[in-house]
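Since the model is a prediction, treat every value here as computed from it, not as a measurement. Residue indices begin at 1 and follow the sequence shown.
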Amino acid sequence: MNSHTKERNRDFIEVCLSIIRREQRSGKSPSLAAVVAEALSRSPRCHYVAYDRASEILHMLERSGSAGIAMSNLQRVRWLELYSQVREAIDGPRKLSFDKALSFVLAFRRPSRFYIHPARAIRLLRPYIEYRIAIPT
């Protein structure tokens, strides 16, 4: 697993744990699905991708379109969002080159959400939480 994926997973788990702590402070016991859904919808701090990999994928998107690349729908949405942010920087008032626009986006822009499949997100979080089974009396 590459360092960007490990970093993304650590950040995602921290977001989940902060949601759980917040809910527990207010006396609630959130479901795992609710915690994961809220955490996935949060904007992470960065795109978690190396410049070279992003450049390679975005150039493939430009040449082939999103349908021409074999990837999951979630990955496709992730790359299209990054591509859109790069295009905004290229077409913006500064008219940045592709290289500068990609560098700018990776350094200063954030994705709209964590791009992790919900089932994977639950598997990531499970080792960090404790379950309690309550039997009504």
Side-chain angles (χ1 to χ4, degrees):
M1 185 180 312
N2 71 38
S3 63
H4 291 290
T5 303
K6 288 178 183 178
E7 185 180 0
R8 180 208 61 191
N9 292 348
R10 275 193 309 269
D11 289 351
F12 176 75
I13 290 164
E14 188 54 44
V15 168
C16 288
L17 294 176
S18 71
I19 292 167
I20 292 169
R21 286 185 207 104
R22 181 197 70 208
E23 294 295 310
Q24 287 178 335
R25 281 192 303 270
S26 64
K28 299 176 186 170
S29 182
S31 72
L32 186 57
V35 170
V36 166
E38 182 179 339
L40 286 174
S41 70
R42 297 246 183 118
S43 181
R45 62 183 182 80
C46 67
H47 283 278
Y48 305 107
V49 64
Y51 177 91
D52 291 338
R53 177 71 174 148
S55 179
E56 175 187 357
I57 297 292
L58 296 184
H59 283 302
M60 285 191 320
L61 281 173
E62 284 183 333
R63 284 191 307 271
S64 308
S66 66
I69 302 172
M71 61 178 71
S72 72
N73 286 337
L74 189 61
Q75 289 174 324
R76 190 176 323 283
V77 172
R78 171 190 179 205
W79 289 111
L80 288 173
E81 180 179 15
L82 178 60
Y83 181 73
S84 173
Q85 290 178 348
V86 170
R87 287 300 327 166
E88 285 175 18
I90 290 170
D91 298 336
R94 292 185 182 177
K95 305 289 185 208
L96 298 175
S97 67
F98 177 85
D99 295 336
K100 289 182 180 180
L102 179 56
S103 295
F104 172 79
V105 168
L106 292 178
F108 299 108
R109 299 286 308 269
R110 297 168 63 160
S112 61
R113 63 178 303 254
F114 279 97
Y115 288 101
I116 305 172
H117 191 277
R120 172 79 177 132
I122 289 171
R123 284 194 308 274
L124 287 172
L125 184 58
R126 278 208 170 120
Y128 296 89
I129 60 174
E130 174 182 305
Y131 288 96
R132 293 189 189 141
I133 299 175
I135 301 174
T137 55

Heavy-atom distance under 4.5 Å between the side chains of [X] and [Y], does that happen here?
X    : Y    : answer
R120 : N9   : yes
Y48  : P111 : no
K100 : K95  : no
S97  : I90  : no
E62  : Y83  : yes

Are [X] and [Y] linked, directly or through other ILVMFWY residues, by side chains that come within less than 4.5 angstrom of each other?
X    : Y    : answer
L74  : I57  : no
L32  : L124 : yes
L106 : V77  : no

Residues [X] and [Y]: side-chain donor-acceptor under 3.5 angstrom:
X   : Y   : result
T5  : N2  : yes
H47 : E81 : no
E23 : S29 : no

Practice item. Assess R113 against Y115: is NZ or CZ under 6.0 Å from the centre of the six-membered ring, and within 45 degrees of the ring's axis? Key: yes
**Study point:** Sidechain-backbone polar pair: S103 side chain, D99 backbone, donor-acceptor under 3.5 Å
**Key:** yes
Check your understanding: Backbone N or O of A89 within a donor-acceptor pair of the R94 side chain at under 3.5 Å?
Key -> no
Check your understanding: A121 and I116: which non-hydrogen atoms are nearest, and at how many Å?
Key -> N-CG2, 3.7 Å
With rounding to the nearest 0.5 angstrom, report the [atom1] to [atom2] distance, [X] to [Y].
X    : Y    : atom1 : atom2 : result
R63  : L58  : CZ    : CG    : 10.5 Å
R126 : I13  : CZ    : CD1   : 13.0 Å
Q24  : L17  : CD    : CG    : 9.5 Å
L40  : C16  : CG    : SG    : 7.0 Å
I122 : H117 : CD1   : NE2   : 10.0 Å
L96  : E88  : CG    : CD    : 12.0 Å

Review point. Using 4.0 Å as the upper bound for N to carboxylate O, is an ion pair formed by E38 and R42?
Key: yes
Point to revise | Salt-bridge criterion met for E56 and R53 (N-O under 4.0 Å) | key: yes
Practice item. Could you walk me through whether F114 and S41 pass side-chain contact (heavy atoms from CB on, under 4.5 Å), step by step? Key: CA-CA 7 Å; F114 279 97; S41 70; over 6 Å; no
Exercise for review: Answer yes or no: are there more than 12 heavy-atom neighbours, outside Y128 itself, under 6.0 Å from its atom OH?
Suggested key: no
Practice item. Could you go through the side-chain contact (heavy atoms from CB on, under 4.5 Å) check for F104 and V86 one step at a time? Key: CA-CA 8 Å; F104 172 79; V86 170; over 6 Å; no
